[in-house]
Amino acid sequence: MSGFRALLLRDLRLAFRQGGDGLMAVIFFVLAALLFPFGLGPEPEALARDAVGIVWVMALLASLLALDRLFQGDWEDGTLDLMALSPLPLELAVLAKALAHWLLSGLPLLVAAPIVASMLQFDAASLPRLVLALALGTPTLSLLGAVGAALTLGARRAAVLVSLLVLPLEIPVLIFGVAAADPAGIGDGLTHVMVLGALLALALPLCPWAAAAALRQALE
C-alpha cells in the first residue's frame, strides 16, 4: 500500500501547488446554486421544495470540472507509462487518483452543501440525510469520472467528451441521492441511502478495472 499512499499524496501535493481544482469546484458549486433564487424567485417554499435537487445537480456538475485532467498530465509527461510498469497494479493507481479527486472536490462539497442548502431554505432536519447521501454519492461520481477520463485520454475536446460519457452513467446516483434526502420523499430515505451504498460498492471494484483497461489501451 506504500505505492498507493505515495501516489495519493503526490496528486494532492500537485493539486495544491497548481492552485487547487477543489477550490474552483466549491466556488462553482456555491455560486451556481445561489443563482437559483434569482431564477425561481425568493419565495422560501419554492426554494425549499427544489433545494435538494439544486444541491445534487450542482454537486454533480462541480465534480466534472477537473475530470479531463485526471490522467492528462501523467500521460503527457510519461508518468502514466511508469505507473503501468510499476509494481502497483494500474487498477490501484486509478483508485488512488480517483480518491485524490474526491478529496479535492467531493469532500469540500460535503462541507459546503449544508451551508448552501440552508441558504436555499432546505429543511434543517433533513440536512444529515443530505450530507450522508452526498458522502456516499460523490465518491461514486469520482469513480465514474475516472472511467470517462481514461476513455477520452488524448482526445480533442476531452472535457466535453468526458461530460457526455459520464453524465448518463451518473443519473442513477442523482436520482437516488435526491430521493434519499428529499423531505417530501416516500419513507425515511433509508432505502435510497442503501442503494447509494450499493452503487458505491459496485463502483469501487468495477470502475478502476474499467479505467485501467482503457489506460492500457491508450498506452499501446
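- Proximity of S118 to I115: side-chain heavy atoms (C-beta onward) are nowhere separated by under 4.5 Å.
- Following chains of ILVMFWY side-chain contacts shorter than 4.5 Å, one can reach L47 starting from L34, so the two form part of one hydrophobic cluster.
- W75 has its side chain within reach of L219: a pair of non-hydrogen atoms, C-beta onward, lies under 4.5 Å apart.
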Carefully, step by step, assess E170 and L167 under the rule side-chain contact (heavy atoms from CB on, under 4.5 Å). CA-CA 5 Å; E170 292 180 341; L167 280 175; 4.1 Å; yes
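- Within the 4.5 Å cutoff, side-chain heavy atoms of V55 are placed close to those of F29.
- Remark: T138 OG1 to L110 CG distance equals 4.5 Å, nearest 0.5 Å.
- Residues W209 and L70 do not share a hydrophobic cluster, clusters being chains of Ile/Leu/Val/Met/Phe/Trp/Tyr side chains in contact below 4.5 Å.
- When atom types are taken as modelled, the side chain of H101 and the backbone of P139 share no donor-acceptor pair closer than 3.5 angstrom.
- Cluster annotation: L161 and L169 are assigned to distinct hydrophobic clusters (Ile/Leu/Val/Met/Phe/Trp/Tyr, side-chain heavy-atom contacts under 4.5 Å, transitive).
- Linking Ile, Leu, Val, Met, Phe, Trp and Tyr residues whenever their side-chain heavy atoms come within less than 4.5 Å leaves L202 and L165 in two separate clusters.
- In this structure, the side chains of L144 and T140 come closer than 4.5 Å at one or more pairs of heavy atoms.
- The pair R216-E91 meets the salt-bridge criterion, since a charged nitrogen lies less than 4.0 angstrom from a carboxylate oxygen.
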Quick one, F71 with V94, criterion side-chain contact (heavy atoms from CB on, under 4.5 Å). Give me CA distance, side-chain angles, the key distance, then yes/no. CA-CA 9 Å; F71 301 110; V94 170; 4.2 Å; yes
Going through the distances and angles, do L65 and S105 end up as a side-chain contact (heavy atoms from CB on, under 4.5 Å)? CA-CA 9 Å; L65 288 182; S105 62; over 6 Å; no
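- Within the 4.5 Å cutoff, side-chain heavy atoms of L130 are placed close to those of W56.
- Contact annotation: the side chain of L136 never approaches that of L199 to less than 4.5 Å [non-hydrogen atoms, C-beta and beyond].
- Cluster partners of L85: none. The rule joins Ile, Leu, Val, Met, Phe, Trp and Tyr whenever side-chain heavy atoms lie under 4.5 Å apart, and it links nothing here.
- Minimum heavy-atom separation, A113 to L134: CB-CD1, 3.4 Å.
- Shortest non-hydrogen contact noted between L143 and A98 is CD2-CB, 3.9 Å.
- Applying the salt bridge (Lys or Arg N to Asp or Glu O under 4.0 Å) rule to pairs touching residues 96-115 yields D11-K97, D74-K97, sequence neighbours excluded.
- Expressed to the nearest 0.5 Å, how far CG of L153 lies from CG of L215 amounts to 6.5 Å.
- Remark: L120 CG to D50 CG distance equals 9.5 Å, nearest 0.5 Å.
- In terms of heavy-atom proximity, A62 sits nearest to A25 at CB-O, 3.6 Å.
- Rounding to the nearest 0.5 Å gives a distance of 11.5 Å between CG of L90 and CG of L95.
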Set out, in order, the CA-CA distance, both residues' side-chain angles and the distance that settles side-chain contact (heavy atoms from CB on, under 4.5 Å) for V147 and V166, then state yes or no. CA-CA 8 Å; V147 178; V166 170; over 6 Å; no
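- Here the OG1 atom belonging to T79 is positioned 6.0 Å from the CE atom belonging to M83, to the nearest 0.5 angstrom.
- The two atoms that bring V30 and A112 nearest to each other are CG2-CB, 4.3 Å, heavy atoms only.
- Nearest heavy-atom pair, V193 versus A180, reported as atom, atom and distance to 0.1 Å: CG2-CB, 3.7 Å.
- Between F4 and L99, the closest side-chain pair of non-hydrogen atoms falls below 4.5 Å.
- Taking each heavy atom of A15 and L104 in turn, the nearest pair found is CB-CD1, 3.3 Å.
- Atom CG of L82 and atom CG of D77 lie 8.5 Å apart (nearest 0.5 Å).
- Clustering ILVMFWY residues whenever any of their side-chain heavy atoms sit less than 4.5 angstrom apart, transitively, puts V173 in a cluster other than the one holding V131.
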